[in-house]
Amino acid sequence: MSVSVPDAKVRDGLNAVSGAQYLGSAIGPAVGAAMAIAFSYRGAIFASGLLIAAVATAVIFLVPADKVRKKELDLSGAAIALAPFKPTLQFALGVLLFFALFALTTFRSVATPIALKDIAGASVTEVTGIAFTLGGIASALGVWALSTSLFRRWRLRDILAVTCVLTALAHLLLALAGSVWLFVLAFTLASFLNASMMPATNTMIALNVSRERRGTAFGIGSAAQAVAFMVGPMGAAMFAKFSLKAGFVTVGVLMLALAALVAFAVREPPVEK
């Protein structure tokens with residue numbers, strides 16, 4: 001997507017993609033639950049398969065194919081070799097943020113049911129579902145509301161640093177929550193802030209490499225995401241054995257450290273009009 005969008009519009013394009021992703025994560029479980037109630041689990045799975053087939057068919061016919069040339073030519077007609085991929089510090093910072101945001105998301109996903117049960121001392125299936133639904137909706141709003149407004153007007157470094165600090169405070173609030181609903185409120189706030197940073201982080205990755213190397217850049221980002229999907233749950237499981245409150249405090253401290261790194265090291269990425 002970032003290859004076909006002009007550099008000046010990359011942030012807007014990534015906002016739209018991230019917003020749709022988070023909105024889908026909120027709507028999907030709700031729709032799945034409704035279909036399971038109406039059609040049973042087998043019916044819900046069958047309907048999901050039909051929906052995926054319909055979307056795939058629509059993509060085949062509606063999304064235009066990329067125009068790819070096997071070789072770039074210079075003015076004399078000679079083939080130009082693809083420039084080697086040389087990651088910069090700014091690109092590495094973008095990948096680090098990308099990793100941190102997904103690790104935080106998976107950490108909260110695993111820790112939340114356990115923490116809610118510790119607070120309530122009973123079954124928390126319903127309130128956990130409510131927390132995840134509110135978190136998904138808040139994530140979509142974070143991308144479309146906060147990211148599309150503040151991240152356009154403020155310097156990337158400043159707004160990322162401030163949002164990291166606020167995210168740290170949200171996780172400290174999770175550690176201090178003494179009631180189920182206060183925890184759900186803090187979880188929703190943390191999800192909102194977490195998601196709001198995602199388009200800006202994608203923008204850092206996209207604009208700190210050459211256009212022809214963006215596929216490589218997002219491939220590295222996907223690898224960092226895969227590692228985050230391991231680190232987040234592993235961290236939650238480790239702290240659950242001792243103290244999830246200590247885990248949330250640790251996450252808050254790490255986010256404050258990340259905010260300091262962002263404030264001192266991140267530079268506004270170059271944008272070609």
[X] side, atom [atom1]; [Y] side, atom [atom2] - distance, nearest 0.5 Å:
{"X": "Leu244", "Y": "Leu174", "atom1": "CG", "atom2": "CG", "value": "10.5 Å"}
{"X": "Leu134", "Y": "Ser191", "atom1": "CG", "atom2": "OG", "value": "9.0 Å"}
{"X": "Thr128", "Y": "Phe187", "atom1": "OG1", "atom2": "CZ", "value": "9.0 Å"}
{"X": "Glu126", "Y": "Leu116", "atom1": "CD", "atom2": "CG", "value": "12.5 Å"}

Do [X] and [Y] sit in one hydrophobic cluster, given that two such residues count as connected whenever their side-chain heavy atoms are within less than 4.5 Å of each other, even indirectly?
{"X": "Val251", "Y": "Phe229", "value": "yes"}
{"X": "Phe264", "Y": "Val253", "value": "no"}
{"X": "Leu173", "Y": "Leu256", "value": "no"}
{"X": "Leu254", "Y": "Val165", "value": "no"}

For a quick test of reading the model, state the closest non-hydrogen atom pair linking [X] to [Y] and the distance between them.
{"X": "Ala170", "Y": "Leu193", "result": "CB-CD1, 4.3 Å"}
{"X": "Ala228", "Y": "Ala103", "result": "CB-N, 3.5 Å"}
{"X": "Thr188", "Y": "Gly135", "result": "OG1-N, 4.4 Å"}
{"X": "Ala263", "Y": "Ala161", "result": "CB-CB, 4.1 Å"}
{"X": "Met197", "Y": "Thr163", "result": "CG-CG2, 3.5 Å"}
{"X": "Ala195", "Y": "Ser139", "result": "CB-O, 3.3 Å"}

Between Thr106 and Val110, does a side chain to side chain contact (heavy atoms under 4.5 Å, CB included) hold up when you go through it step by step? CA-CA 6 Å; Thr106 53; Val110 174; 5.6 Å; no
Determine, stepwise, if the pair Trp181 / Ile130 fulfils side chain to side chain contact (heavy atoms under 4.5 Å, CB included). CA-CA 10 Å; Trp181 297 112; Ile130 293 173; 4.0 Å; yes
Enumerate, atom names and distances included, each donor-acceptor pair closer than 3.5 Å involving a side-chain atom of residues 89-100, sequence neighbours excluded.
unit_1, atom_1, unit_2, atom_2, d
Gln90, OE1, Arg267, N, 2.8
Gln90, NE2, Ala265, O, 2.8

Quick one: do Val209 and Thr216 satisfy side chain to side chain contact (heavy atoms under 4.5 Å, CB included)? Show the steps, please. CA-CA 9 Å; Val209 297; Thr216 303; over 6 Å; no
Do Phe218 and Asn202 make a side-chain contact, defined as non-hydrogen atoms from C-beta onward lying under 4.5 Å apart?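 Of all side-chain heavy-atom pairs linking Asn202 with Phe218, at least one is under 4.5 Å.
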By ring-ring contact (aromatic ring centres under 6.0 Å, His included) - contacts of Phe248 (at least two apart):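 Once residues adjacent in sequence are excluded, the partners of Phe248 under the ring-ring contact (aromatic ring centres under 6.0 Å, His included) criterion are Phe107, Phe183.
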Start with the C-alpha gap between Leu189 and Leu185, add the side-chain angles, then the distance that decides, and say whether side chain to side chain contact (heavy atoms under 4.5 Å, CB included) holds. CA-CA 6 Å; Leu189 177 61; Leu185 176 63; 5.8 Å; no
Under the side-chain hydrogen bond (donor to acceptor under 3.5 Å, both in side chains) definition, can you give me all pairs with a residue in residues 108-122, not counting sequence neighbours?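 Pairs touching residues 108-122 that pass the test: Arg108-His171, Arg108-Asn194.
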